[in-house]
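A short write-up of the structure that comes next.
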4 protein chains.
Amino acid sequence: MNRREREKQRRRKEILLAAMTIFAEKGFDTATLDDIAEKAEFSKGAIYGYFKSKDDLFLSLIEEGLNNLSEIIKSVVESSSSPIKQIEDLIQKIFVYLEKNKDFFRIFAPERGGFTEKKHPEALKRILPKHQKNIEMVTKVMKEGIRMGKLKKVEPRVLTFTLFGIIHSSIGRWVMEGEKGALKRDVKAITTIFLDGARR
Amino acid sequence: MNRREREKQRRRKEILLAAMTIFAEKGFDTATLDDIAEKAEFSKGAIYGYFKSKDDLFLSLIEEGLNNLSEIIKSVVESSSSPIKQIEDLIQKIFVYLEKNKDFFRIFAPERGGFTEKKHPEALKRILPKHQKNIEMVTKVMKEGIRMGKLKKVEPRVLTFTLFGIIHSSIGRWVMEGEKGALKRDVKAITTIFLDGARR
Amino acid sequence: MNRREREKQRRRKEILLAAMTIFAEKGFDTATLDDIAEKAEFSKGAIYGYFKSKDDLFLSLIEEGLNNLSEIIKSVVESSSSPIKQIEDLIQKIFVYLEKNKDFFRIFAPERGGFTEKKHPEALKRILPKHQKNIEMVTKVMKEGIRMGKLKKVEPRVLTFTLFGIIHSSIGRWVMEGEKGALKRDVKAITTIFLDGARR
Amino acid sequence: MNRREREKQRRRKEILLAAMTIFAEKGFDTATLDDIAEKAEFSKGAIYGYFKSKDDLFLSLIEEGLNNLSEIIKSVVESSSSPIKQIEDLIQKIFVYLEKNKDFFRIFAPERGGFTEKKHPEALKRILPKHQKNIEMVTKVMKEGIRMGKLKKVEPRVLTFTLFGIIHSSIGRWVMEGEKGALKRDVKAITTIFLDGARR
DNA sequence: CATGAATGAGGATTCATTCAT
DNA sequence: GATGAATGAATCCTCATTCAT
């Protein structure tokens, strides 16, 4: 990648960063390209050189976040640790990531967020597979835990969603309460609760 | 309440119902009053006889849902059962309610949903207190459980949010997977997981 | 006119009165039938039993005012006084009338008021003739004064409009300055100024 | 001011001009932005790049007119002529201005025009001060005339409003009679009438 | 007759997107 | 490439008028 390319990538990142902030503050519909352009210190027109629409900008954001999560999850599930240890690692690493990227958390709510079946089917088509891939990876860990008799014999996806639900609500609480205190403080409690609950 | 009044209330409900469906399908911003009016089989103008703005319509919806949840929670926490039993009842009843009102679930996401601090502060002022009251009621149960040595010695609000997180993600999964199968099937699993996790 | 009729007329007057107040406060377009209905303590629908449209209501108001002015002017110009005395009487009586009916004054501005050639030609067709009749009556007095060598030899309509202009601006000032002090106080000054100006 | 800026100002003027015509034809409320946009040969949206609302557009128009009048009045009252001569000059110059800007005249009616205390208090706040400044400047001339024993010993503001009233009614007549004949023809008559009336 | 709920056309305003400079 | 003015479709909301009760 030559300098040209690198420059372009860097500017793309800057726009994404600005967009993240604005989307997190105002939500997808309420945020305007003017807001984003101002924050990014680019002209509105310039943004269209990097993203082909507002939707595309937003979806790129989500995609990037999901890719990052994917990296994190992959790094854990491909380790040789036991399922229990992997779950501990997952909680810990996802927490750290979301604490640093709380805007991503605020933007992303796949199960009911801004983009809906009815109005944005192609948007979902672009995002959901990535989300589901992440879910799948975690579910595999759960399955293995069950197979090894370490986890309760329930539908493994129930465990996955429970795990994600706990993490989300935990961060939601943190955001709601004004982001005071380190989020990490809760990791231990959360981990114990989940593991005691999931364990056989 | 005379016939006039009753009729008026009935029509209000009809509009709320239509609005619920549309908001759930498209989200607050994407939903238009035309959509809602058409669904409700009223003219656009008529809706303004019942609600003073789109915001008001939406918030009324949320309020009603929160009030219903409030009733449910109150009926449980005011019973004489033990905290553990109350938690079991809560999960069971909230599940039943949300299964029947899944649109409400899709609409309501206080910690990041459509209305944001920056753009709709008064909207939040109208909703958040009700939400927090519900959280408070549940948190009291958790506190009592902790006091009695039945639940882990953690910040009680962590337990409350964990509970809500599990419920939400569970319904989210149900919605995402196309709402096949009875949601109630999961209640038992969820209950066990949460209680095993929360218990001391 | 039987009781039925009289009742009807009385209610019509009540509505006109309420309408006058509202139109004066908000102007023709900004005033709504809801405002007027509330002020009149009638239902919106009822008003349509007395006037066939908002335009009609407004025009009826103007017409009534112009008719009253017409009566006043006629009573003066048909007297046997000299033109100069008639002018004095006109000023005095019109002032008294407009002071008591300042809302009419605020509503009526034939040369540029709410109704315009382009948008309300038929409205003007209904009003302008009455207005012009009043102008004509006064102009006759001016003509006579000129013929008798009492007034300056200028286009008589110039004198008429000058007279009206002085009266209007005088009331305008009174309204603008918060309607404090009796308007009548100015009559003498105005009369002298106009007569000294118009006299040969 | 560079070309960019100049272009922008020119387009702003064009929009103001179109708006002036439309507002004069139809009045503030009846005029629509579509009308104005069409006349200005701009898109509706473009107008919002120059004015932040219909109100703002209208008020800018009034403001500009008042500023122009202000310039005219100032140029006269700051001359070293006698008060009588200044009054003559005022009448002459204001006539010339309003004849060229009869639309401004039709739009502007501060004492009862479109904007009312009840409905547009901030609009009045923006306009009235300028109007009153103009009145004040003229009133000073009247005061000086009185002090020098040239004008009648009456409340000076009465003279000011009388002057404006005569001018307005005169132009009103001209407009009403179809704008035939030069307005200037009347200036002499008006001047004599006013001065003879006002003089001691 | 009176009422006031319902209608629906109409208008101000916003904003994603385009494109001339 | 970048800019930001212009576009115009889209949407909320208002209100004169009608009409069932």
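Letters go in sequence order (proteins before strands), and every chain restarts at 1.
Mapping C/S43 and A/Y48 onto DNA chain E by nearest heavy atom places C/S43 closer to the 5' end of the strand. Residue whose closest nucleotide on DNA chain F sits further toward the 5' end, between B/T32 and A/E41: A/E41. Nearer the 5' end of DNA chain E, as judged by each residue's closest nucleotide, is the contact made by C/Y50, out of B/G49 and C/Y50.
In this structure, B/G45 reaches the bases: a heavy-atom distance under 4.0 Å links it to at least one base atom across the strands shown. Residue contacts for B/K52: at a heavy-atom cut-off of 4.0 Å it reaches no nucleic acid atom on any strand shown. Here B/L33 lies in heavy-atom contact (under 4.0 Å) with sugar-phosphate atoms only. Counting non-hydrogen atoms under 4.0 angstrom, D/A37 reaches nothing in the nucleic acid.
With rounding to whole Å, D/F58 atom CZ is found 19 Å from E/dT13 atom C1'. In this structure, B/F51 atom CZ and F/dT14 atom P are separated by 15 Å, rounded to whole Å. Per the geometry, CZ belonging to A/R12 stands 17 Å off C1' belonging to F/dG1, to the nearest Å. Per the geometry, CG belonging to C/D34 stands 14 Å off C1' belonging to F/dC13, to the nearest Å. Rounded to an integer number of Å, the gap from A/K26 NZ to E/dC15 C1' is 13 Å. Atom-to-atom, CG of B/D29 to P of F/dA10 comes out at 17 Å; the value is rounded to the nearest Å. In this structure, CG of D/D55 is placed 16 Å from P of E/dG11, rounded to the nearest angstrom. Rounded to an integer number of Å, the gap from CD1 of C/I36 to P of F/dC15 is 12 Å.
The base of F/dT3 lies outside donor-acceptor range of the side chain of A/K44, with no N or O pair under 3.5 Å. In terms of polar N and O atoms assigned as donor or acceptor, the side chain of C/K54 never comes within less than 3.5 Å of the base of F/dT17 in a complementary pairing.
The pair D/E122-D/R126 fails the salt-bridge criterion, with no side-chain N (NZ, NE, NH1 or NH2) lying under 4.0 Å from an Asp/Glu carboxylate O. Checked for salt-bridge contact, D/E7 and D/R4 miss the test: no charged N lies under 4.0 Å from a carboxylate O.
Nucleotide F/dG4 forms a pair with E/dC19, judged by Watson-Crick or G-U wobble geometry with both contacts under 3.5 Å.
Atom CG of residue A/N67 and atom NZ of residue A/K130 lie 4.5 Å apart, to the nearest 0.5 angstrom.
Of the candidates E/dA2, E/dT7, F/dA6, E/dA2 carries the atom nearest the C/A46 side chain, counting heavy atoms from C-beta on.
With C/N2 contributing its side chain and C/E5 its backbone, the two residues share a donor-acceptor pair below 3.5 Å.
A donor-acceptor contact under 3.5 angstrom links the side chains of B/T32 and B/D35, judged on distance only.
Within the 4.0 Å cut-off from OP1 or OP2 of F/dA6, at least one side-chain nitrogen or oxygen of D/R11 is found.
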